[in-house]
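Here is the naming used below: chain letters follow the sequence lines, and residue numbers restart at 1 for every chain.
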Number of protein chains: 2
Amino acid sequence: MTAVPLPGELTLVDDRARRILDAAVRLAETGGFSAVRLRDVAQASGVALGTVYKRFRSKEDLLVGVLSLELVALRERFASEPLQGATRLERLVQCFAALTETLCARPHLGRAVIRSAATGENALAERLQRFHTALMELIVGAIRGRDDGPVSALELERLAVLEDVWFSRLVGWTGGLLTPEMVVEQVARAARLLYGEDGDA
Amino acid sequence: MTAVPLPGELTLVDDRARRILDAAVRLAETGGFSAVRLRDVAQASGVALGTVYKRFRSKEDLLVGVLSLELVALRERFASEPLQGATRLERLVQCFAALTETLCARPHLGRAVIRSAATGENALAERLQRFHTALMELIVGAIRGRDDGPVSALELERLAVLEDVWFSRLVGWTGGLLTPEMVVEQVARAARLLYGEDGDA
DNA sequence: TCCTTCTTTGAAACGCGTTCTACACCCCTA
DNA sequence: TAGGGGTGTAGAACGCGTTTCAAAGAAGGA
């Protein structure tokens with residue numbers, strides 16, 4: 001059961017850290033960012049407040065940590081049911097749709113996480129950097145067709161742009177300006193702009 | 001002297017609001033987000049704390065309000081010295097470079113503002129929406145060549161994508177992951193991807 | 001078994017965003 | 001000239017993120 005540390009990512013061997021994260025998720029699910037009071041997190045996970053701070057540098061750090069949980073879930077999802085689209089562009093859009101769905105399915109939690117990620121604290125940089133590369137790998141793997149060639153440098157650049165669009169729009173979603181559907185639609189539109197209408201296989 | 005309210009934007013006729021904003025800018029310049037203590041803002045601007053909260057809904061709201069000041073400055077700048085680039089793509093990149101420069105020139109202030117904007121609080125949506133449309137207009141006006149045609153719907157979509165990239169990268173900058181030069185460079189790269197290498201006039 | 005070192009704990013304390021309260025002031029109308 | 005509504009002020013109070021500290025365990029090594 002003890003997970004072998006996933007490459008380039010938060011090692012969750014630490015039982016306490018896991019319990020703390022789980023508690024944070026539960027609290028965030030019901031009441032969002034402000035409902036995650038660290039005193040409550042500590043109590044709900046059965047540790048002392050100091051222990052929470054030993055594992056996570058701040059409230060934002062804790063919530064960003066939730067991302068690595070989501071990442072594991074997404075990896076499994078894509079492994080068990082690969083994307084169906086005929087072209088790479090199609091699969092790409094489906095991929096972002098799935099990511100968006102995952103984050104927006106539990107809106108309070110999603111908003112809390114994105115808000116934390118967007119804070120731009122220096123202390124979060126490391127964790128976010130790790131998440132970013134892991135996400136990139138995940139996407140690259142997910143949109144790669146059965147007998148596709150490798151992903152070119154050009155495509156990586158496009159991907160980076162799309163990730164930026166996705167992130168910005170998610171922030172728009174957390175602000176109540178956009179619905180999840182709009183987020184996906186606008187990422188799709190950006191993808192079409194980048195790939196040309198054809199979506200070159 | 002009393003400014004006529006700028007179209008679609010924070011009306012700064014209110015003297016107190018202006019003083020509060022100025023004080024916030026001064027404090028943010030020296031010490032960033034955390035140095036903007038609302039008690040200090042109130043004192044420095046010669047009003048009571050309650051008055052600050054009468055004008056601005058939160059600390060973030062206040063700092064986002066600074067954006068409308070910057071906007072005025074940018075408008076003047078672009079009016080007095082129009083962008084020089086030969087193609088629209090070139091002017092576009094110059095425009096984003098100027099925007100980035102403006103925000104990053106006073107790093108503490110810039111970071112504080114972006115951090116506030118990225119928080120994604122519902123209460124900020126209105127102000128940010130206004131800023132967004134105003135910025136869009138500003139860019140459209142700035143990149144429009146002397147005898148250019150109007151900006152097409154396609155170009156507006158491209159612009160929206162670039163703004164997203166810009167925003168995301170700025171967040172990366174506030175997190176210490178990117179330098180201002182990298183921000184500009186990556187927006188430029190995205191622009192080239194969107195416009196094709198030519199930059200179709 | 002005792003000593004050392006590291007972690008965890010419980011609880012208090014601090015700082016600051018935010019809210020609330022009581023009071024003064026100003027302008028307007030009767 | 002009196003009264004009243006809206007705005008500003010001073011200051012206290014509240015909530016919660018974050019830090020700090022003394023004491024209690026827990027794990028290893030001589």
Side-chain angles (χ1 to χ4, degrees), chain A residues 11-28 30-66 108 111-113 115-124 127, chain B residues 11-28 30-66 108 111-113 115-124 127:
Chain A
T11 73
L12 287 181
V13 260
D14 184 349
D15 194 48
R16 274 175 232 261
R18 162 133 244 146
R19 287 212 311 277
I20 292 169
L21 278 176
D22 287 346
V25 167
R26 272 199 306 283
L27 288 170
T30 78
F33 188 83
S34 62
V36 182
R37 278 168 305 196
L38 294 201
R39 288 166 172 90
D40 294 354
V41 171
Q43 185 174 6
S45 52
V47 303
L49 188 53
T51 305
V52 175
Y53 276 95
K54 191 104 185 183
R55 299 298 193 287
F56 301 94
R57 300 162 80 127
S58 68
K59 178 170 175 173
E60 284 81 12
D61 192 36
L62 170 57
L63 283 166
V64 167
V66 172
H108 287 314
R111 268 184 247 264
V113 168
R115 166 175 176 171
S116 301
T119 313
E121 291 253 4
N122 283 358
L124 301 183
R127 208 185 282 274
Chain B
T11 74
L12 287 181
V13 261
D14 183 349
D15 195 47
R16 274 176 232 259
R18 162 135 243 147
R19 288 212 310 277
I20 293 169
L21 278 176
D22 288 345
V25 167
R26 272 199 306 282
L27 289 170
T30 77
F33 188 83
S34 63
V36 183
R37 277 167 305 192
L38 294 201
R39 286 165 172 90
D40 294 353
V41 170
Q43 185 174 6
S45 53
V47 304
L49 188 53
T51 306
V52 175
Y53 276 95
K54 191 104 184 185
R55 299 297 194 287
F56 302 93
R57 300 160 80 126
S58 68
K59 178 170 176 173
E60 283 81 12
D61 193 37
L62 170 58
L63 283 166
V64 167
V66 172
H108 287 314
R111 269 183 247 265
V113 168
R115 167 175 174 171
S116 301
T119 314
E121 291 253 3
N122 284 356
L124 302 183
R127 207 184 282 274

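Across the protein-nucleic acid pair, Leu63(A) atom CG and dG17(D) atom C1' stand 13 Å apart, rounded to whole Å. What separates CZ of Arg115(A) from P of dG17(D) is a distance of 11 Å, to the nearest Å. Note: CD (Glu60(B)) to C1' (dC16(C)) measures 12 Å, nearest angstrom. dT19(D) atom P lies 13 Å from atom NZ of Lys54(A), rounded to whole Å. Computed from coordinates, the Arg57(A) CZ to dG17(D) C1' distance equals 16 Å when rounded to whole Å. Ile20(A) has its CD1 atom 11 Å from the C1' atom of dT8(C), to the nearest Å. One interatomic measurement links the two molecules: OH of Tyr53(B) to C1' of dA10(D), which rounds to 16 Å at whole-angstrom precision. Distance CG (Asp15(A)) to P (dT8(C)): 11 Å, rounded to an integer number of Å.
Taken from NE2 in His108(A) to OG1 in Thr30(A), the straight-line distance is 7.0 Å, to the nearest 0.5 Å. Leu27(A) CG to Asp22(A) CG: the interatomic distance, rounded to the nearest 0.5 Å, is 11.0 Å. For the atom pair Leu21(B) CG and Asp14(B) CG, the distance stands at 9.5 Å (nearest 0.5 Å).
Shown here are the salt bridge (charged side-chain N to carboxylate O under 4.0 Å, His left out) partners of Arg26(B), two or more places apart in sequence or in another chain: there are none.
Nearest-nucleotide positions on DNA chain D for Leu49(A) and Ala48(B) put Ala48(B) closer to the 5' end.
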Listed pairs under 3.5 Å, donor-acceptor, residues 57-65 of chain B side chains, sequence neighbours left out:
unit_1   : atom_1 : unit_2    : atom_2 : d
Ser58(B) : OG     : Glu60(B)  : N      : 3.4
Ser58(B) : OG     : Asp61(B)  : N      : 3.1
Lys59(B) : NZ     : Phe33(B)  : O      : 2.9
Lys59(B) : NZ     : Val36(B)  : O      : 3.1
Asp61(B) : OD1    : Arg127(B) : NE     : 2.6
Asp61(B) : OD2    : Arg57(B)  : N      : 2.9
Asp61(B) : OD2    : Arg127(B) : NH2    : 3.1

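In this structure a side-chain-to-backbone donor-acceptor pair under 3.5 Å is missing from Arg115(A) to Gly120(B).
The stretch residues 30-40 of chain A touches DNA chain D through Val36(A), Arg37(A), Leu38(A), Arg39(A), each having a heavy atom under 4.0 angstrom from the strand.
Within the 4.0 Å cut-off from OP1 or OP2 of dT9(C), at least one side-chain nitrogen or oxygen of Arg16(A) is found. Contact between the side-chain N/O atoms of Ser58(A) and the OP1/OP2 oxygens of dG17(D) is not found at any separation under 4.0 Å.
Ala112(B) and Ala28(B) make their closest contact through CB-CB, 4.4 Å (heavy atoms, listed as atom of the first residue, atom of the second, distance).
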